[in-house]
Amino acid sequence: MSLNAMQNCVIVEPDVEKHELFIIPPGDKMETGVVVAAGPDCVDLSVGDHVYFGVGQEFKYGGKEYVVIREPHVLGVLEHE
């Protein structure tokens with residue numbers, strides 16, 4: 001069995017370590033992670049992209065934690081140099 005995203009949603013496996021690359025207003029939550037599934041209507045994101053996000057629905061599957069997010073709610077893509 002595998003994870004599949006629908007419509008314009010992506011499924012993200014959150015990073016274990018938190019990144020301190022961004023200034024976040026107090027009370028706001030922002031996380032980073034890797035896209036493990038992208039829906040057929042996703043335009044800008046694909047599997048393997050390292051993204052940062054602030055909202056999403058958390059769930060567990062196969063003993064791991066994931067977050068499902070609509071593509072427009074992803075805040076950006078991290079690019080490592």
- Which heavy atom of His50 sits nearest a heavy atom of Gly33, and at what distance? CD2-O, 3.0 Å
- Reference residue Val51; test side chain to side chain contact (heavy atoms under 4.5 Å, CB included); the match among Thr32, Val10, Ile69, Leu45: Leu45
- In short, Pro40 meets Ala5 closest at the heavy-atom pair CD-O, 3.8 Å
- Note on the structure: On a heavy-atom basis, the closest approach of Val67 and Pro14 is CG2-CG, 3.8 Å
- Looking at Ala38 and Ser46, what are the two nearest heavy atoms and their distance? CB-CA, 4.3 Å
- Item | Qualifying residues under side-chain contact (heavy atoms from CB on, under 4.5 Å), relative to Val47, sequence neighbours excluded | none
- Within the side chain of Glu65, is there an N or O that forms a donor-acceptor pair under 3.5 Å with the backbone of Phe59? no
- Item | Glu31 side chain to Asp15 backbone, donor-acceptor under 3.5 Å | no
- Smallest separation among heavy atoms of Phe53 and Leu75, with atom names: C-CD1, 3.8 Å
- For Asp41, which residues count as a side-chain contact (heavy atoms from CB on, under 4.5 Å) partner, sequence neighbours excluded? Gln7, Asn8
- Rounded to the nearest 0.5 angstrom, the CG-CD1 distance for Asn4 and Ile11 is 7.0 Å
- Query: Mind checking what makes side-chain contact (heavy atoms from CB on, under 4.5 Å) contact with Glu13, not counting sequence neighbours?
  - Reply: Val36, Lys64, Tyr66
